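For reference, the structure is listed below as structure tokens.
Numbering of ligands and ligand atoms starts at 1, following listing order. Given the structure is predicted, the values throughout are model-derived calculations rather than measurements.
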Amino acid sequence: MIIILKPEATEAEIALVVKKIESYGLAAHISKGTERTIIGAIGDERVLQEGPLEAFPFVEEVLPILKPYKLASREFKPDGSIVNVDGVLVGGRQVVVMAGPCAVESREGLLQIAQYVKSGGGRILRGGAYKPRTSPYTFQGLGEEGLAYLAEAKRATGLPIATELMDSRDADAVYQYADLIQIGARNMQNFKLLTEVGSRRKPVLLKRGSSSTVKELLLAAEYILSEGNYDVILCERGIRTFEDATRNTLDLSAVPLIKRLSHLPVVVDPSHGTGKWHLVSPMALAAVAAGADGIMVEIHPHPEEALSDGPQALLPGTFETLMSELRGVAQAVGRSL
Ligand code: PEP
Ligand code: MN
């Protein structure tokens, strides 16, 4: 249920509504928009029927949220959310480019790629230290050593770090170094892990599971939000379909669809979405045209030697060209890069 307060409602009145909601054993989530404050009452809201909140003169309207995800819904927060990743704002006017290697492979390699990202105009450095590999016999990531290299790359470039957390047992280490905690496609419905990142205070990049619907993605986000962490960025990274010419089928219609259903920022990962480097730039441009708040791409100076995902890695020069093309598309849709 959402309680829409009148624009002139004071802090004391907001507190009164929260107290009332909590007295019924429900959780109150406050969303302060530019115009007015909305309070979400989460739990079995039927109890609220006994004490109608409409009776408060500063309450404008009480509405049921019919969607199964409530805090993630656009109704709860009509203005889009802006997530602050160590100073980089995702969800605002600027389209944010996150780039880097699939996996952190070596100190020198990462520092070099970080410089390419920085000089190309990327805003966030990505790189996996814990890799969710399909085969247990392939490179699994450098673990904490990789995290330390990411920290060094951040010191050298000033770029915030996005890296994947696969398991709660690694949470303390990952939280020590990362600015944006990536939950990978394979863990989108690892509800314990979602609860873990929901109870901590760093922004989360939640990737869509390869067999998940948009509704399931939003419900996964709801797990994080309902723990009190509202800093969630959603990521479309392709879904599995009958088409096998590409690694996944990048569902770009999910971008405007999610933006309509939810206030959360949406980024697109055309690297995993296509699996082919020559499809990455066109789909990145299309993603921005479709309204994406950001792009995540993989880069490698020697894709043929990459320990993972070489076929989808952009060469630094291709990344640079993509960045200048993205600038034009961003401008055309009223955004900047
Ligand atoms: C990644 O971004 O490194 C990754 C493994 O992506 P996904 O979880 O989307 O497969
Ligand atoms: Mn990858």
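Using a cutoff of 4.0 Å between basic side-chain nitrogens and carboxylate oxygens, Arg200 and Glu196 are scored as salt-bridged. Looking at Asp293 and Arg335, a side-chain N of the basic residue comes within less than 4.0 Å of a carboxylate O on the acidic one, giving a salt bridge. Look at Arg247 and Asp309 and you find a salt bridge, because one of the NZ, NE, NH1 or NH2 atoms lies within 4.0 Å of a carboxylate O, short of that distance. Classification of Lys131 and Glu105 as a salt-bridged pair fails, no side-chain N sitting under 4.0 Å from a carboxylate O.
Only one option out of Lys207, Arg208, Gln312, Arg126 pairs with Asp269 in a side-chain hydrogen bond (donor to acceptor under 3.5 Å, both in side chains); it is Lys207.
For residues 167-206, every residue pair satisfying the ring pair (Phe, Tyr, Trp, His ring centres under 6.0 Å) rule, not counting sequence neighbours, is listed here: Phe191-Tyr223.
Applying the side-chain hydrogen bond (donor to acceptor under 3.5 Å, both in side chains) test to Arg36 and every residue at least two apart in sequence or in another chain returns Glu60.
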Between ligand 1 and the protein, tabulate every N or O atom pair separated by less than 3.5 Å, reporting distance only.
unit_1: ligand 1; atom_1: 2 (O); unit_2: Arg126; atom_2: NH1; d: 2.7
unit_1: ligand 1; atom_1: 2 (O); unit_2: Gln182; atom_2: NE2; d: 2.8
unit_1: ligand 1; atom_1: 2 (O); unit_2: Lys207; atom_2: NZ; d: 2.8
unit_1: ligand 1; atom_1: 3 (O); unit_2: Arg126; atom_2: NH1; d: 3.4
unit_1: ligand 1; atom_1: 3 (O); unit_2: Arg126; atom_2: NH2; d: 2.9
unit_1: ligand 1; atom_1: 3 (O); unit_2: Lys131; atom_2: NZ; d: 2.8
unit_1: ligand 1; atom_1: 6 (O); unit_2: Lys207; atom_2: NZ; d: 2.9
unit_1: ligand 1; atom_1: 8 (O); unit_2: Ala185; atom_2: N; d: 2.7
unit_1: ligand 1; atom_1: 9 (O); unit_2: Lys207; atom_2: NZ; d: 3.0
unit_1: ligand 1; atom_1: 9 (O); unit_2: Arg237; atom_2: NE; d: 2.6
unit_1: ligand 1; atom_1: 10 (O); unit_2: Arg186; atom_2: NH1; d: 2.9
unit_1: ligand 1; atom_1: 10 (O); unit_2: Arg237; atom_2: NH2; d: 2.8

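Around the Mn ion (ligand 2), the protein contributes the following N, O or S atoms under 2.8 Å, ordered by chain and number: Cys102 SG, His272 NE2, Glu298 OE2, Asp309 OD2.
In this structure, a donor-acceptor pair under 3.5 Å is absent between the side chains of Glu305 and His300.
In summary, the aromatic rings of Phe76 and His29 are positioned with their centroids too far apart to meet the 6.0 Å limit.
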